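Values in this document were obtained by computation on a predicted structure and should not be read as measured data. Numbers restart at 1 for each chain; the letters A, B, ... are given by sequence-line order, proteins then strands.
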Amino acid sequence: MSTTTSLPLSFTTNPSPASWVRFDPDRTLHLAVGKVEIGQGIVTALAQIAAEELDLPLGCIRMISGDTDAAPDEGATTSSLSIEVGGSSLRLIAAEVRARMIDRLAQRLNCAPAEISVRDGAFLREGGPTGQDYWSLAPEVDLARPADGAAPPKPRASYRLVGTSVARRDLPAKLAGAAFIHDLVRPDLLHARTLRQPARAAHLAALDEAAIHRAAGAEIRILRRGDFVAFVGAEETAVQRAAAAAPAHARWEGVREIAPEQAEAAWLVGRPSNDQTVGDPPRTVAGEVVSATYTRPYVAHASIAPSCALAESRGGHLSVWSHSQGVYPLRAALARVLGRPESTISVHHAMGAGCYGHNGADDAALDAALIAEQVPDRCIRLQWRREEEFGYEPLGSAMSVTIRAVLDADGKPIDWTQEVWSGSHVQRPAMGGNMLAHEALPIPAPDPRPRDPTEAAGGGGTRNGIPHYAIPARRILHHLVPVTPMRTSALRGLGALPNVFAIECFLDELAARRGADPVAWRLALLEGHPRAARVIAHAADLAGWAGRPRGGDGTGWGIGFAQYKNRSAYCAVVAEVAVDQEVRLRRVWCAAEAGLVVNPDGARNQIEGGILQAASYTLKEQVRFDAAGVASRDWEAYPILRFSEVPEIQCEIIDAPEERSLGVGECAFGPTAAAIGNAVSHALGIRIRGMPLTRERIAAALLDN
Amino acid sequence: MSITLTVNGHAHTLALDPTMPLLDALRNHLDLKGSRYGCGLEQCGACMVLVDGEPVYACARELGTVAGRRVETVESLDTHPIRAAFIEEQAGQCGYCLSGIQITAKALLDRTPNPDRAEIIAALDKHLCRCGTQWRIIRAVERAAVALTEGAGR
């Protein structure tokens, strides 16, 4: 009984090995997984796990990922769970396949299974060849029968592939040319673009179609279905020109306007909200109470590639290609909106640019599907425009985080309340959200029902809201504001970055009141948390923390720490900044610990990338609104960190192969933001509690001081 | 009206609207998908190609302006040391920015065979990478420079 409760979700949902692996006659292993490549290198790591467990050469593995016709349903690829859940499931499946094959051969040879071993896919008996391999035995072994998770995986000491920096499988094609969904070419292809509703419930009162045809400059069709408008044609240039011209030739009614103050996190405070308390019961202890409020504005995923989807309706079946994070949830959502059975829809994953969460991918898929239903027997290639991605992708919610702590006589927190005001962090179509075009249809979608992931799933606005420190009482008062000025949804780490920024900045403020060193202060609060203490000490050592500058003269060092979701990878970051009129992030040191690391270079790539992306959010990023919606619709209005702005990075992963694998993809986010926030404060001698730490905010803070 | 140009060493005559973006002509009429649409605004660099050896944003460059010129896309770099260097450094995550970046790296190394780090960063600064692989990319360009110099010295 105890094993079944601890089996990972992807395994329990897909217990039949045949849904994962197939030994093909060309001596390849066809490996099908539900987790998808979104830039994080997951297909490489999963291939390593399978090859390891089966003792196969990596080169014989052919992979398919994310396909409702041909791969297991592993839900969505989110929350740094692909190794923790997908990888551990695959390991159990592969162990089962290996065991069944060995049992069958042992039967044939009338020997004990323990006498049989595997090398490069071939079976040996007491070290000698048997003439049998996976492919020769495959016809005799039933891989469809569900596994029970009892087959023991290989001992870690015998690993030869897991734990090594195998090169990424996806990189050669990405460097060479066609690799992305954007590059797919199918027969009878037509290009398509949309005209978006400027806001929810806006109604298209008039559209000057003649003017749009003129702007297109070549033949296009204009399709309308309710307030959903699309431009379709054989020549991409023409549909792009039509779409670019269309907003000026459309008159909308019922467009709600956004007031300037709605763009700020502070606007959320006091709005109607769904409230919950997480953690310890209400405060009873007495003592000095200190509090501070930290904010993060709305931010964008800002994928380099605007979203894209392909769809075709042939013979009553709808095939969709999408860079969605979850092909099965997308299929379910499409079936609901289009009013057709799931069995008449296939969704195939194809790579897009890095998504960093819920961007326009699913919305584009519905756009393409709606057009394909109206234009059957053609392949519709729907491409969002840059201004469309910036203007209509779901945003990362603004957050306002107020911490109130009761201090003991030494100034240490003994009771901690983290009050969070936030919009939803997950409005995926499978989780109460609507795909954009759904709201434009003649029978529009019901209002979205925003809800956050449960605490068991890591929380949304509450993610990392409980500080990972030995504080006797810790709780979150979470106010989920269901109605925000713009649609919000999952963005890398959800609430973790704002929460960790708040916690770690506040800890530094408490340390400063006592004149304590920030590293020593943290370590003193981490009794009984040796893995956490170890990454902090390691990062401090890497940086040479003992020799950090005095601060207050424009150069500062800061530290930030978190265990992502309080259950995934541990990460500590030290940042060095120079602040003149703006912040120059000079150097970053990072130590992380993630248990057994499948691919160290892949993990380091994710952590380094997480540091730079988090630095970008912390220093530069804020979605700008005007009355009509998102005003920051290009890279000048929404700048991100550039080559000339990247700090030097030194990142070390602490080896802990005896521990289970912990997700690393998002672990550096909060610690990086916090380290920068603390470094800026150290440099200036004043605290800036609102992100991003731009020139304007620094000038304002200095003025206030 | 037809436009003649050389792309990756091959002459092509295209009967296309001269105001079509070069990017659309490359992707949809010459089946060269390596040059990518990112913004259409000359802001991100995903579409970068070489025209007579100079990096050019193909997204906003009209086809008619490259008549008679020599265009090189990322597909021309298959055997160039830049490609191997990016693999060696595992320089990429999502990879969408990489073809434009390879093109700019090619232009830099053609002109400046031994660039220092500051020169590399200055050349790449017109490119956006959202995944945060900038250091791997910078090291890949340094590695390619070394490979090219050593190759030339042999």
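A donor-acceptor contact under 3.5 angstrom links the side chains of A/Glu235 and B/His29, judged on distance only.
For A/Ser165, no part lies under 4.5 angstrom from a heavy atom of chain B. Using a 4.5 Å cut-off between heavy atoms, B/Asn28 touches chain A through its side chain atoms alone. For A/Arg381, the part lying under 4.5 angstrom from a heavy atom of chain B is the side chain only. Of the two parts of B/Ala122, neither the backbone nor the side chain holds a non-hydrogen atom closer than 4.5 Å to a non-hydrogen atom of chain A. The contact between B/Ile87 and chain A is made by backbone and side chain atoms together, counting heavy-atom distances below 4.5 Å. Of the two parts of B/Arg130, the backbone and the side chain both hold a non-hydrogen atom closer than 4.5 Å to a non-hydrogen atom of chain A. Heavy-atom distances place no part of A/Phe390 under 4.5 Å from chain B, backbone and side chain included. Within the 4.5 angstrom heavy-atom criterion, only backbone atoms of A/His301 (N, CA, C, O) approach chain B. Contacts between B/Ile137 and chain A at a heavy-atom distance below 4.5 Å involve the side chain alone, from C-beta outward.
We find the CD-SG distance between A/Gln613 and B/Cys129 to be 9.0 Å, quoted to the nearest 0.5 Å. Atom CZ of A/Phe643 is separated from atom CG of B/Leu128 by 9.0 Å, given to the nearest 0.5 angstrom.
Note on A/Ser303, A/Pro647, A/Ala179, A/Gly352: by heavy-atom pairs under 4.5 Å with chain B, the leading option is A/Pro647. For the options B/Leu98, B/Asp125, B/Asp24, B/Thr133, heavy-atom pairs under 4.5 Å to chain A are most numerous at B/Asp125. Ranked by heavy-atom pairs under 4.5 Å with chain A, the first of B/Ala91, B/Gly40, B/Gly34, B/Cys39 is B/Cys39. Highest contact tally toward chain B, considering only A/Gln606, A/Arg241, A/Met351, is held by A/Arg241 [criterion: heavy-atom pairs under 4.5 Å]. Chain A forms the most heavy-atom pairs under 4.5 Å with one residue out of B/Leu41, B/Leu124, B/Ile121, B/Ile120, and that residue is B/Leu124. Chain B forms the most heavy-atom pairs under 4.5 Å with one residue out of A/Ala614, A/Gly177, A/Gly41, and that residue is A/Gly177. The choice from A/Thr237, A/Leu612, A/Leu641 that makes the most heavy-atom pairs within less than 4.5 Å of chain B is A/Thr237. Contacts with chain B were tallied for A/Glu389, A/Glu645, A/Arg492, A/Glu648; A/Glu648 has the most, counting heavy-atom pairs under 4.5 Å. Comparing A/Cys355, A/Gly354, A/Pro306 by heavy-atom pairs within less than 4.5 Å of chain B, the highest count is held by A/Pro306.
Summarising the geometry of B/Tyr96 relative to A/Ile304, their closest heavy-atom pair is CD2-CG2, 3.7 Å, with the distance given to 0.1 Å. Looking at every heavy atom in both residues, B/Tyr37 comes nearest to A/Trp384 through CE2-O, 3.6 Å. Taking each heavy atom of B/Gln102 and A/Leu175 in turn, the nearest pair found is NE2-O, 3.0 Å. Contact detail for B/Lys33 and A/Ala178: the closest heavy-atom pair is CB-CB, 3.8 Å. The two atoms that bring A/Phe180 and B/Gly95 nearest to each other are CZ-C, 3.7 Å, heavy atoms only. Here the closest non-hydrogen pair linking B/Gln43 and A/Trp635 is OE1-N, 2.8 Å.
For residues 59-81 of chain B, a heavy-atom distance under 4.5 Å to chain A picks out B/Val74, B/Glu75, B/Asp78, given by residue number. Residues of residues 13-23 of chain B placed with any heavy atom under 4.5 Å of a heavy atom in chain A are listed by number as B/Asp17, B/Thr19, B/Met20, B/Pro21.
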Residues A/Asn605, B/Gln93; criterion side chain to side chain donor-acceptor pair (under 3.5 Å); working and verdict: CA-CA 8 Å; A/Asn605 200 351; B/Gln93 284 186 27; 2.8 Å; yes
Kindly determine whether A/Leu171 and B/Phe86 satisfy side chain to side chain contact (heavy atoms under 4.5 Å, CB included), including the steps that lead there. CA-CA 9 Å; A/Leu171 192 55; B/Phe86 273 72; 5.6 Å; no
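Contact annotation: the side chain of B/Arg27 approaches that of A/His182 to within less than 4.5 Å [non-hydrogen atoms, C-beta and beyond].
A salt bridge links B/Arg136 to A/Glu608: one of the charged nitrogens lies within less than 4.0 Å of a carboxylate oxygen.
Judged as a side chain to side chain donor-acceptor pair (under 3.5 Å), and not counting sequence neighbours, the contacts of A/Asp170 are A/Arg168, A/Lys174. Applying the side chain to side chain donor-acceptor pair (under 3.5 Å) test to A/Asp188 and every residue at least two apart in sequence or in another chain returns A/Arg314.
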